[in-house]
Amino acid sequence: MATQRFTLSSYDPVYVVAEEVKIPEEAVRDQALRWLEYAVCKNGEKPKLTDQWVAAHTDDFKNVDELLIFIRYNMYRDNREVQELADQNVVCQELATRLVEDLPEDLVEDSIYAANMRLEEMVSRNGMTLEQFCQQRGITEDQMYADVRERTIQSLREDSALEAYAQHEGLKLEAEDFYAIIPGDDIQDKARKRKQIELDGRLAQMEDYALKTKALKQVMENAMIKRRATDTEWLRYGDTSADVLNANKQFPDSFVSLG
């Protein structure tokens, strides 16, 4: 059977409300104490989160609030990958709503079967029965399988939407697109792994994944986002990402490693 080609109802930028991933304030305060102990305290001294202690022991902060602003800013910077994954999830969900075609029934059923098998194998490797696994999560087996089905179909829709976008934009793969998806210590290491993938007969799957990854990058760069529904201005995602990276380069003193 010929591979189905997918189309979208629109290839314009996606508009989404992508909420900021929140770090609990308790975690911020714990990190502040660890940072003070590492960067300020001497001879086993224990830090205190009081205005008086912070002002007396640091040169840059007059009180706890100023210290927490610094710690919070750096934690969110270090939390960038988590935020990006959350943003991608929201954008891909919205892009998938533009998919014109229905998913082929055989593709859906085969994918759900494979997903169920992977879950059952994972549960077995961890020395549990499906009943024990479900009890741990407070769900029934029917609910577990229903969740797998829903997640699998959503993943297929998002993959198909990215495939449609790549086809519409005429995206072509370059060497760097392969290197971007292959983990490795350097280009030579990645090249060796790519060759092994080819020898294993898995090059087609890697090309498919690389093309969708390239499409996702372009979709994300052009996506228009708000962090809150009440925000009055839409921001291009690629511009906001560039702002953070540029700030890191232009103001390195503001991005001190927390150790």
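In this chain, numbering begins with 1 at the start of the sequence shown. Given the structure is predicted, the values throughout are model-derived calculations rather than measurements.
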Inset, instruction - Evaluate the side-chain proximity of Val40 to Trp53: yes if any heavy-atom separation is below 4.5 Å, no if none is. - result: yes
Inset, instruction - State yes or no: do Val148 and Ile153 share one hydrophobic cluster built from I, L, V, M, F, W and Y residues joined by side-chain heavy-atom distances below 4.5 Å, directly or via other members? - result: no
Inset, instruction - Using a 4.5 Å cut-off on heavy atoms from C-beta on, say whether the side chain of Tyr15 contacts that of Ile225. - result: no
Inset, instruction - Tell me whether Met224 is reachable from Leu216 by hopping between hydrophobic residues (I, L, V, M, F, W, Y) whose side-chain heavy atoms are closer than 4.5 Å. - result: no
Inset, instruction - Output yes when a side-chain donor or acceptor of Asp186 lies under 3.5 Å from a complementary backbone atom of Gln188, and no otherwise. - result: yes
Legend entry - Close side-chain approach of Arg29 to Leu49, heavy-atom, < 4.5 Å: yes
Legend entry - Check: Lys214 side chain, Lys172 main-chain N or O, donor-acceptor pair, under 3.5 Å: yes
Inset, instruction - Measure from the side-chain N and O atoms of Asn74 to the backbone N and O of Phe70, and report whether any donor-acceptor pair falls under 3.5 Å. - result: yes
Inset, instruction - Please answer whether the main-chain N or O of Lys62 pairs with a side-chain N or O of Glu66 as donor and acceptor at a distance below 3.5 Å. - result: yes
Inset, instruction - Return yes if a side-chain donor-acceptor contact under 3.5 Å exists between Arg34 and Gln31, otherwise no. - result: yes
Inset, instruction - For residues Leu103 and Phe6, determine if any side-chain heavy atom of one lies less than 4.5 Å from a side-chain heavy atom of the other. - result: yes
Inset, instruction - Please identify each residue that fulfils ring pair (Phe, Tyr, Trp, His ring centres under 6.0 Å) with Tyr209, with sequence neighbours left out. - result: none
Inset, instruction - Begin with the C-alpha distance, continue with both residues' side-chain angles, and end with the deciding distance and a verdict on salt bridge (Lys or Arg N to Asp or Glu O under 4.0 Å) for Lys22 and Glu20. - result: CA-CA 6 Å; Lys22 296 295 185 182; Glu20 189 173 39; 3.3 Å; yes
Inset, instruction - Report the C-alpha distance between Leu130 and Met144 in whole Å, list the side-chain angles of each, state the deciding distance to 0.1 Å, and finish with yes or no for side chain to side chain contact (heavy atoms under 4.5 Å, CB included). - result: CA-CA 9 Å; Leu130 288 178; Met144 179 194 71; 4.0 Å; yes
Legend entry - Any donor-acceptor pair under 3.5 Å from Asn89 side chain to Leu85 backbone: no
Legend entry - salt bridge (Lys or Arg N to Asp or Glu O under 4.0 Å) contacts touching residues 90-102 (sequence neighbours left out): none
Legend entry - Close side-chain approach of Leu8 and Tyr11, heavy atoms under 4.5 Å: yes
Inset, instruction - May I ask you to say whether Glu25 pairs ionically with Arg72, meaning some side-chain N is under 4.0 Å from a carboxylate O? - result: yes
Legend entry - Short side-chain donor-acceptor distance under 3.5 Å, Asp200 and Gln196: yes
Legend entry - 4.5 Å side-chain heavy-atom contact, Trp234 and Lys226: yes
Legend entry - Salt bridge Lys190-Glu176, side-chain N to carboxylate O under 4.0 Å: no
Inset, instruction - Could you tell me whether Arg228 atom CZ has more than 12 heavy atoms of other residues or ligands within 6.0 Å of it? - result: no
Inset, instruction - Could you tell me which non-hydrogen atom of Gln154 sits nearest to which non-hydrogen atom of Ala96, and how far apart they are? - result: NE2-CB, 4.0 Å
Inset, instruction - Give, for atom CG of Leu162 and atom CG of Leu99, the distance between the pair rounded to the nearest 0.5 Å. - result: 10.5 Å
Inset, instruction - Could you check Thr213 against Asp177 for side chain to side chain contact (heavy atoms under 4.5 Å, CB included), going step by step and ending with a plain yes or no? - result: CA-CA 8 Å; Thr213 300; Asp177 298 321; over 6 Å; no
Legend entry - Close side-chain approach of Val54 to Asn63, heavy-atom, < 4.5 Å: no
Inset, instruction - Look at the side chain of Gln136 and the backbone N and O of Phe133, then say whether any donor-acceptor pair between them is shorter than 3.5 Å. - result: no
Inset, instruction - Return yes when atom CD of Glu169 has more than 12 non-hydrogen atoms of other residues, nucleotides or ligands closer than 6.0 Å, and no otherwise. - result: yes
Inset, instruction - Tell me whether the guanidinium CZ or amine NZ of Arg149 lies under 6.0 angstrom from the six-membered ring centre of Tyr145 and within 45° of its axis. - result: no
Inset, instruction - Could you tell me whether the side chain of Ser160 and the main chain of Leu156 form a donor-acceptor pair under 3.5 Å? - result: yes
Inset, instruction - Answer yes when Glu19 and Arg227 have at least one side-chain N-carboxylate O distance shorter than 4.0 Å, and no when they do not. - result: no
Inset, instruction - Please answer whether the main-chain N or O of Asp106 pairs with a side-chain N or O of Glu109 as donor and acceptor at a distance below 3.5 Å. - result: no
Legend entry - Ion pair Lys193/Asp189, N-O distance below 4.0 Å: yes
Inset, instruction - Decide whether Asn222 and Gln218 meet the rule of one side-chain donor and one side-chain acceptor closer than 3.5 Å. - result: no
Legend entry - Residue pairs, two or more places apart or on separate chains, that pass salt bridge (Lys or Arg N to Asp or Glu O under 4.0 Å) and touch residues 121-135: none
Inset, instruction - Find out whether Leu211 and Leu171 are in side-chain contact, i.e. whether some heavy atom of one side chain is under 4.5 Å from a heavy atom of the other. - result: yes
